[in-house]
Amino acid sequence: MIPLAVAGIAYLLAIREFFSTPRFPRRVIVIGMALAALWHLPFLLTPPGSDDDIHRYLWDGRVQRLGYNPYIVVPSDPALAALHAPETRTLNHPDLPSPYPAGAELFFRAVTAIHESIFTLKITFVVCDFAIVLVLLDILRRGGQAAHWVLAYAWNPLLATEVAGSGHIDIVGVLLLLVSVAALGRRWRAVAAVAFGLAVAVKLLPIVLLPLYWRRVRIRDGALAAVVLGFLYVPFLNHGRILIGSLGTYLHSFRFNDPVFATLERVAAPQLVVGFAVLVGFLTAIWMRSKSEALSSDAFAWPMAASLLCAPVVYPWYLLWLLPFVRSASALPLIIWTVSIIPTYYVWHLRALGRPWIVPGWIMLLEYGCVAMASAIVGFRQFRQPAAPDP
């Protein structure tokens, strides 16, 4: 916790320099990227926790290659005991089938077909991380933005801990979403639509960005993306039905770091509150789409952040989706959030001591209080700015 806190503070100081300095020399960016790669190494070489999600990824890929449907089989089933590898025997929630969308499942199968190990999955995630850097550099160059903003992504402490360390599939979806954004900038509309559909097939969160693609891609491009998305589910059909595994259980029963959802759940059913979280993301995207015809990083960051704020589960690695898009002063509250969420790791320590799986109130107050203060400061400064004179 102490090194992560120091890293978070150092990261915010670096962000301050990025805002105050128009351009950095190229050698500074190169050295910065080398440092980012360097501090990925110890996390990459450290085994993840015994029940981290990556063990489920390995199981899902393994059972697919053995001819089983991960949306049906339950890891704790005694009849399937012989299917386990040593690394899958401690996976979390063994009494539930997989909740991951089809794109993620096929990714697990592809990687484990190359080599079935936790380390191979982690290496693949780190490769996706570095690919994001390359795509982000292209987006910054084409948009006329300073290249040093790539360090705002590469230096975030969540990358080392959640990609190189624990290994989370979210980074694959982030790469696909960023490819979609880059394709939009180049007016490669079919590529943009398909890449967006694949990102949704990895994790459902970016679905709230759909309004941003309105009139930026053609109807036939959207239809192509829908067809590709449908084909991904073909290998998992069961008597013609599309299965979702334990996704319903996840939305109904799983809770973590959810002050907004917990408050709303007192007066409405969980399904309605989940629908509300999605609606908030959609409405935010519609509002951002109406503000400008031009693409902006804020337009992609804020709808996902708004939906996450109302979600039943807000794990630290969920904020990986925001990292490539937070590089403006108005996104400062989201930058703060990627650091203020770090204290929630304390819950894993509490669980090891036999304490309940609950985020202490003081941690949520610190986390969301910092975000609220940053939002108030940004809002106040924007309010104080004089209006532009009429032409």
Side-chain angles (χ1 to χ4, degrees), residues 57 60-61 63-65 67-72 97-114 121 124-125 127-129 131-132 134-136 138-139 168-248 278 281-282 285 289 295 299-300 303-304 307 318 320-321 324-325:
Y57 305 164
D60 286 359
V63 297
Q64 285 181 75
R65 292 187 299 104
Y68 294 88
N69 191 330
Y71 295 138
I72 297 176
S98 183
Y100 299 103
E105 293 294 345
L106 293 174
F107 181 86
F108 303 150
R109 178 171 185 165
V111 175
T112 55
I114 299 172
L121 282 165
T124 309
F125 294 146
V127 169
C128 291
D129 183 9
I132 288 173
L134 299 178
V135 178
L136 186 55
D138 177 72
I139 291 174
H168 285 283
I169 187 63
D170 299 71
I171 199 66
V172 179
V174 175
L175 172 59
L176 291 166
L177 179 59
L178 199 63
V179 167
S180 176
V181 174
L184 277 180
R186 292 177 176 269
R187 299 186 65 81
W188 298 347
R189 293 172 289 188
V191 174
V194 171
F196 175 73
L198 292 175
V200 173
V202 171
K203 276 288 185 75
L204 299 178
L205 174 62
I207 192 66
V208 299
L209 300 176
L210 196 58
L212 299 180
Y213 289 80
W214 173 252
R215 302 181 72 177
R216 286 181 173 141
V217 299
R218 297 162 297 193
I219 294 177
R220 64 173 179 266
D221 300 323
L224 175 62
V227 169
V228 171
L229 185 60
F231 270 117
L232 294 180
Y233 276 92
V234 170
F236 308 105
L237 293 177
N238 183 44
H239 302 295
R241 294 186 300 113
I242 296 178
L243 303 178
I244 60 173
S246 60
L247 179 61
V278 176
F282 267 108
R289 179 67 179 85
L295 287 170
F300 288 86
M304 293 190 291
S307 190
Y318 288 6
L320 292 174
W321 289 91
F325 304 106

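Remember, it's a predicted structure, so these values are computed and weren't measured experimentally.
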> Under 3.5 Å, is there a donor-acceptor pair between the side chain of Ser307 and the main chain of Pro303?
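No; judged by distance alone, with no hydrogens or angles, the pair does not exist.
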
> Near Leu134 CG, under 6.0 Å, is it more than 12 heavy atoms from other residues, nucleotides or ligands?
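Counting other residues, nucleotides and ligands, CG of Leu134 exceeds 12 neighbours.
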
> Nearest 0.5 Å, what's the CG-CG distance between Leu243 and Asn69?
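Separation between the atoms: 5.5 Å.
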
> Assess whether atom CZ of Arg220 is packed by more than 12 heavy atoms of other residues, nucleotides or ligands within 6.0 Å.
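Atom CZ in Arg220 is not crowded, with 12 or fewer foreign heavy atoms closer than 6.0 Å.
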
> Nearest 0.5 Å, what's the CD1-CG distance between Ile132 and Leu175?
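Reported to 0.5 Å precision, the distance equals 5.0 Å.
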
> Looking at every heavy atom in both Ala192 and Ser180, which two are closest together, and how far apart are they?
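Answer, listing the atom of Ala192 first, then Ser180: O-OG, 2.7 Å.
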
> Tell me whether the rings of Tyr213 and Phe300 are parallel (<30°), tilted (30 to 60°) or perpendicular (>60°).
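Because their plane-to-plane angle is over 60°, the rings of Tyr213 and Phe300 count as perpendicular.
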
> Which heavy-atom pair separates Ala193 from Ala225 by the least distance, and what is that distance?
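Heavy-atom minimum between the residues: O-CB, 3.3 Å.
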
> Measure from the ring center of Tyr100 to the ring center of Tyr57 and say whether it is less than 6.0 Å.
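Judged by ring-centre distance (under 6.0 Å), Tyr100 and Tyr57 do meet the cut-off.
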
> About how many Å separate CD1 of Ile169 and NZ of Lys203, when rounded to the nearest 0.5 Å?
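Interatomic distance, Lys203 NZ to Ile169 CD1, rounded to 0.5 Å: 8.0 Å.
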
> Are Leu177 and Trp321 packed together at the side-chain level, in the sense that at least one heavy-atom pair is separated by less than 4.5 angstrom?
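The answer is yes, as the side chains (C-beta and beyond) meet within the 4.5 Å cut-off.
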
> Could you please spell out the steps behind the side chain to side chain contact (heavy atoms under 4.5 Å, CB included) verdict for Arg189 and Arg216?
CA-CA 7 Å; Arg189 293 172 289 188; Arg216 286 181 173 141; over 6 Å; no

> Are the side chains of Tyr68 and Ile72 in touch, meaning some heavy atoms are under 4.5 Å apart?
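They are not in contact (no side-chain heavy atoms under 4.5 Å apart), so the answer is no.
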
> Is the closest basic N to carboxylate O distance between Asp138 and Arg186 below 4.0 Å?
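Looking at Arg186 together with Asp138, the answer is yes, because their closest N to O distance falls below 4.0 Å.
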
> Closest approach of Val135 and Ala182, non-hydrogen atoms and distance?
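Shortest heavy-atom contact: CG1-CB, 3.9 Å.
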
> Quick one: does any side-chain atom of Ser246 pair with a main-chain N or O of Pro97 as donor and acceptor, under 3.5 Å?
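Between the backbone of Pro97 and the side chain of Ser246 there is a qualifying donor-acceptor contact (under 3.5 Å).
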
> Looking at every non-hydrogen atom in both residues, tell me the closest pair between Pro324 and Leu178 and how far apart they are.
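Looking at all heavy atoms of both residues, the shortest contact is CB-CD1, 3.8 Å.
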
> Distance from Leu320 atom CG to Leu205 atom CG, nearest 0.5 Å?
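Between Leu320 CG and Leu205 CG, I get 11.0 Å after rounding to 0.5 Å.
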
> Are Val181 and Phe325 side-chain neighbours, meaning at least one heavy-atom pair lies under 4.5 Å?
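Counting from C-beta outward, Val181 and Phe325 do come under 4.5 Å.
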
> Taking the side chain as every heavy atom from C-beta outward, state whether Leu204 and Pro101 have any atom pair closer than 4.5 Å.
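Leu204 vs Pro101: side chains touch.
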
> Output, in order, the C-alpha distance, side-chain angles, deciding distance and verdict of side chain to side chain contact (heavy atoms under 4.5 Å, CB included) for Phe236 and Leu106.
CA-CA 10 Å; Phe236 308 105; Leu106 293 174; 3.8 Å; yes

> Supply the atom-to-atom distance Phe196 CZ to Leu229 CG, rounded to the nearest 0.5 angstrom.
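Here the rounded value is 10.0 Å.
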
> Would you find a donor on one side and an acceptor on the other, under 3.5 Å apart, between the side chain of Gln64 and the backbone of Glu105?
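At least one qualifying donor-acceptor pair exists.
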
> Between atom CG of Leu212 and atom CZ of Arg289, what is the distance when rounded to the nearest 0.5 Å?
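Going from the CG atom of Leu212 to the CZ atom of Arg289 covers 7.5 Å.
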
> Should Val200 and Leu209 be marked as a side chain to side chain contact (heavy atoms under 4.5 Å, CB included) after you check the CA-CA gap, both sets of side-chain angles, and the distance that decides it?
CA-CA 10 Å; Val200 173; Leu209 300 176; over 6 Å; no

